[in-house]
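Structure record follows, encoded as structure tokens.
Only this structure's heavy atoms are used, side chains among them; waters, hydrogens and symmetry mates stay out.
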Amino acid sequence: MSTEALVRVRGLVKSFGSEESATTVLHCIDLDLFRGRLAALQGPSGSGKSTLLNILGTLMRPSAGELCMMGVDLTKADDAELTRFRNRNIGFVFQFHHLLPDLSAQENVMMPAASAAGRETAAMRARAAALLDAVGLSDRRLYRPAAMSGGQRQRVAVARALINEPALVLADEPTGNLDRESADNVMALLERINRDTGTSFLISTHDDRIAARCNRQIGLIDGKVVRDTEGAFSEK
């Protein structure tokens with residue numbers, strides 16, 4: 001694994017509201033995320049985990065500070081540049097799969113690529129089919145979400161996050177809505193993808209078992225990093 005920083009955050013602050021009644025959710029966060037790592041982001045509800053993921057994913061702008069990814073200063077990018085960067089380099093997996101109910105598994109997986117290009121292509125269909133095969137769902141390729149289990153739907157969501165071959169996948173409680181067996185299966189899938197492709201993952205989780213399977217744990221409380229095992233990192 002490379003020790004080159006994929007994401008570099010310095011002095012990151014996020015506040016909501018006007019100056020008189022502003023609430024600061026993130027306080028001067030300094031953080032480096034490295035290529036090829038599987039990292040857990042932990043903390044109680046309200047600690048700022050989702051806000052941090054949204055900023056790292058360029059879905060939300062910070063109030064102050066620096067955010068660079070792959071050498072690009074994203075705090076200086078306009079909305080169109082952020083959209084292009086996000087589509088090319090960042091994937092998302094959420095607690096609730098957010099699959100479109102009227103589309104098949106393959107069509108849902110293709111959606112980010114087709115939306116960016118403005119159309120579907122044979123290459124997209126082939127890649128979506130290959131990703132569904134990789135997550136063990138080749139036999140569910142034409143199924144709609146309602147015909148699949150919760151664990152299967154979340155695996156479709158993982159495949160969708162990978163369609164554009166992102167350098168970083170941000171996962172916000174990806175196992176939080178699953179039973180224990182399904183959660184373990186999804187986590188094993190993320191571990192395998194990380195190991196086989198070198199895709200970096202930052203996984204927000206309340207589950208200590210899930211966090212323990214990551215090779216880095218970052219603790220967030222009241223918008224501040226209070227624990228980070230990066231210094232104790234040992235490659236698996």
Using modelled atom types and a 3.5 Å cut-off, is there a donor and acceptor pairing between side-chain atoms of [X] and backbone atoms of [Y]?
| X | Y | answer |
| --- | --- | --- |
| Glu81 | Asp78 | yes |
| Thr229 | Gln217 | yes |
| Asn108 | Leu100 | yes |
| Arg192 | Ala134 | yes |
| Asp30 | Gly11 | yes |

Enclosure of Asp179 CG (heavy-atom neighbours >12, cutoff 6.0 Å): yes
Can you tell me how far the [atom1] atom of [X] sits from the [atom2] atom of [Y], to the nearest 0.5 Å?
| X | Y | atom1 | atom2 | value |
| --- | --- | --- | --- | --- |
| Leu82 | Asn87 | CG | CG | 11.0 Å |
| Lys76 | Glu66 | NZ | CD | 8.0 Å |
| Leu38 | Ser200 | CG | OG | 9.0 Å |
| Asn215 | Glu191 | CG | CD | 9.5 Å |
| Arg140 | Arg153 | CZ | CZ | 12.0 Å |
| Arg127 | Leu132 | CZ | CG | 11.0 Å |

Could you walk me through whether Leu31 and Leu12 satisfy the side chain to side chain contact (heavy atoms under 4.5 Å, CB included) test, starting with their C-alpha distance in whole Å, then the side-chain angles of each, then the deciding distance to 0.1 Å, before giving a yes or no? CA-CA 9 Å; Leu31 189 67; Leu12 198 72; over 6 Å; no
Are [X] and [Y] side-chain neighbours, meaning at least one heavy-atom pair lies under 4.5 Å?
| X | Y | value |
| --- | --- | --- |
| Val156 | Tyr143 | no |
| Glu107 | Leu142 | no |
| Leu6 | Arg37 | no |
| Pro112 | Arg160 | yes |

Quick one: do [X] and [Y] end up in the same hydrophobic cluster if we chain Ile, Leu, Val, Met, Phe, Trp and Tyr together by side-chain heavy atoms under 4.5 Å apart?
| X | Y | value |
| --- | --- | --- |
| Met111 | Leu162 | no |
| Val13 | Ile218 | no |
| Met60 | Met69 | yes |
| Leu26 | Leu41 | yes |
| Met110 | Leu137 | no |

Yes or no on side chain to side chain contact (heavy atoms under 4.5 Å, CB included) for Leu220 and Ile29, after CA distance, side-chain angles and deciding distance? CA-CA 10 Å; Leu220 200 66; Ile29 300 288; 3.9 Å; yes
Restricting to non-hydrogen atoms, name the atom on [X] and the atom on [Y] that form the minimum distance, rounded to 0.1 Å.
| X | Y | value |
| --- | --- | --- |
| Val135 | Arg155 | O-NH1, 2.9 Å |
| Pro44 | Lys49 | O-NZ, 3.4 Å |
| Thr205 | Ala40 | CG2-CB, 4.4 Å |
| Pro145 | Pro101 | CD-O, 3.7 Å |
| Gly36 | Asn194 | O-ND2, 3.1 Å |
| Cys214 | Met187 | SG-CE, 3.7 Å |

N/O donor-acceptor pairs under 3.5 Å from side chains in residues 50-58, not counting sequence neighbours:
unit_1, atom_1, unit_2, atom_2, d
Ser50, OG, Asp172, OD2, 2.9
Asn54, ND2, Ser50, O, 3.3
Thr58, OG1, Arg86, NH1, 2.8

Tell me whether Arg209 is salt-bridged to Asp207, with the criterion being a basic N under 4.0 Å from an acidic carboxylate O. yes
Basic-acidic side-chain contact under 4.0 Å: Arg10, Asp32: yes
Under the side chain to side chain contact (heavy atoms under 4.5 Å, CB included) rule, what do Thr24 and Ser15 come out as? Steps first, then yes or no, please. CA-CA 4 Å; Thr24 300; Ser15 299; 2.9 Å; yes
Qualifying residue for side chain to side chain contact (heavy atoms under 4.5 Å, CB included) with Pro166, from Leu170, Val169, Leu168, Ile163: Val169
From the list Leu202, Ile90, Leu67, side chain to side chain contact (heavy atoms under 4.5 Å, CB included) partner of Val7 resolves to Leu67
CA sep, side-chain torsions, deciding dist, call: Phe92, Leu59, side chain to side chain contact (heavy atoms under 4.5 Å, CB included): CA-CA 11 Å; Phe92 299 90; Leu59 297 173; 3.8 Å; yes
Kindly assign one of parallel, tilted or perpendicular to the pair His98 and Phe94, based on the angle between their ring planes and the thresholds 30° and 60°. perpendicular
